[in-house]
Amino acid sequence: MGYIADKILKLTSQFYPTGRAWKLPTFGYFDRLHKALAVSEEQAYNDAVSTLYSILPDNSNFTSDDATDWERRLGLITNLATPLASRMLAIKRKMQAPGVNPAKGHYLHLEQQLQLAGFNVYVYENIIYNYPSGFSQNNPVTLNSNISSQVQHGDHQHGDVQSGIYINSIIANSIYNSVDVGFNIGSNLRSTFFIGGNALGSYANVPISREQEFRQTILNLKQVQTVGYLFINYI
């Protein structure tokens, strides 16, 4: 008999009157009956506690199996190589969606949701719609140190290069970059945005084990017509 069953048995005995007729002699019929009831009540208690622990990813008893079950229910990617704490953050974010934020299409909403899911990234909207002079998807230019200020003040924008090197990571329709990398955005960046580090043009790090989950989260949140340039190092 377990600890909980023993406590239940002691509590039960306290409810009876003190007369001799209500005593529970050890190994007597009355004692055996209550021990059997205590064991079944302990099992019911443990089942109830286990259910409470697995309902929300907010406690230390939430297990990897609980995370897998919730990922299946919520349509999230299951990757056992991802730390349980990160999986819990992603599940909690999905549970809370869509939340009370009315501006679901705003770039800061996307940024907030990615960070709640455990991705330390920042989102930047494109505030001017044409490629800067001398730039195209097939003609990379070097981004200088003033690019963040220039873009934020509407002087320039940039697409798939940094430091003269092609950025070959974009997101349009697929969790696989190999599918989206050839997506033809055209000569207009009207429906594009950028995801990267805490300065525009800088890179952020994402665990390589969470790459598909990262892209899936973006696809679930971004507006369908938009395409994102990812300044991301998968490590």
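Heads up: numbering here begins at 1 and tracks the sequence. Computed from a predicted structure; not experimentally measured. Heavy atoms only: backbone and side chains are in, while hydrogens, waters and symmetry mates are out.
Aromatic rings from Tyr107 and Phe193 are positioned such that their centres are separated by 6.0 Å or more.
No side-chain donor-acceptor contact under 3.5 Å links Asn220 and Gln216. For the residue pair Asn126 / Thr192, a side-chain donor-acceptor distance below 3.5 Å is found, with atom types taken as modelled. Side-chain contact, Thr68 with Arg87: a donor N or O sits under 3.5 Å from an acceptor N or O. Side-chain polar atoms of Thr78 and Glu71 form a donor-acceptor pair below 3.5 angstrom.
Between Tyr122 and Ile195 there is no side-chain heavy-atom pair separated by less than 4.5 Å. Looking at heavy atoms from C-beta onward, Trp70 lies out of side-chain contact with Asp65 at the 4.5 angstrom threshold. Contact annotation: the side chain of Asn59 approaches that of Phe62 to within less than 4.5 Å [non-hydrogen atoms, C-beta and beyond]. For the pair Ile8/Val39, no side-chain contact is recorded, criterion being any heavy-atom separation below 4.5 Å from C-beta on. The shortest distance between side-chain heavy atoms of Ser169 and Tyr234 falls below 4.5 Å. At least one side-chain heavy atom of Ile91 sits less than 4.5 Å from a side-chain heavy atom of Leu76. You'll find the side chain of Val121 stays beyond 4.5 Å of the side chain of Tyr203, heavy atoms only.
Between the side chain of Thr51 and the main chain of Asp47, a donor-acceptor pair closer than 3.5 Å is present. Side-chain N or O atoms of Asn233 include none that pairs as donor or acceptor with a backbone N or O of Asn205 at under 3.5 Å. Not one N or O on the side chain of Asn61 forms a donor-acceptor pair closer than 3.5 Å with the backbone of Tyr53. A donor-acceptor contact shorter than 3.5 Å links the side chain of Glu111 to the backbone of Val123.
Listed by first and then second residue, the salt bridge (charged side-chain N to carboxylate O under 4.0 Å, His left out) pairs involving residues 225-235 amount to none (not counting sequence neighbours).
Open room surrounds OH on Tyr176; 12 or fewer heavy atoms of other groups in view lie less than 6.0 Å from it.
Scanning both residues, Leu84 and Thr63, for their nearest heavy atoms gives CD1-O, 3.9 Å.
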